[in-house]
Amino acid sequence: MEKEKSKILVRDVQSQQTLFECELAASEKAYEYAAHMEELGIDVEVISPTLSETLTASLGLSPEARDQYQQSLDQELEAHEGSCCFEDSSTPKKIH
C-alpha cells in the first residue's frame, strides 16, 4: 500500500476549481500563487490538510480507519466541553 501524500490546494472560491496544487513541504509556493491570483482580482482560498489528515495519510490508514480516527477525535473534543480546557464564548466571564 502506497502512502498518500498530503497536498495544499489553491481553489477559485466561485467555481471551486483547483487552480494550483503542491506538496505540503512547498507550502510557500501555494501562498505565493494565491497572492498572485488575488492581485489579478481572482478570489481564491488555500486549503491545507489538517494535522489529523497528514497523520493518517503518513500512516497509510485506509479510508475506514481514517473515518474511525476522525470520529474518535471528535468524540474526545466533545467530551472536553465544559472542562477547564474548553472555553465557551457565549458565557460571560466573571471579573473578581
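For the numbers below, each heavy atom of this structure counts, side chains included, while hydrogens, waters and symmetry mates do not. One is the number of the first residue; the rest follow in order along the sequence.
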For [X] and [Y], work out which heavy atoms get closest and say how close.
X	Y	value
D12	Q14	OD1-N, 2.8 Å
T56	Y69	CG2-CD2, 3.5 Å
M37	V44	CB-CG1, 3.8 Å
V46	V10	CG2-CG2, 4.3 Å

Would you check if [X] and [Y] make a side-chain contact, meaning some heavy-atom pair closer than 4.5 Å?
X	Y	result
Q17	R11	no
Q71	E76	no
F20	L9	no
I47	I8	no

| request: Check for a donor-acceptor pair, side chain of Q16 on one end and backbone N or O of V13 on the other, with a separation under 3.5 Å. | output: yes
Measuring from atom [atom1] of [X] to atom [atom2] of [Y], what distance do you get when rounded to the nearest 0.5 angstrom?
X	Y	atom1	atom2	answer
E32	C22	CD	SG	10.0 Å
I42	H36	CD1	NE2	8.0 Å
T50	L55	OG1	CG	9.5 Å

| Stepwise side chain to side chain donor-acceptor pair (under 3.5 Å) test for Q70 and D74 | CA-CA 6 Å; Q70 188 59 49; D74 293 343; 3.1 Å; yes
| For L24 and S48, what are the C-alpha separation, side-chain angles and deciding distance, and is it a side-chain contact (heavy atoms from CB on, under 4.5 Å)? | CA-CA 8 Å; L24 194 56; S48 185; 4.0 Å; yes
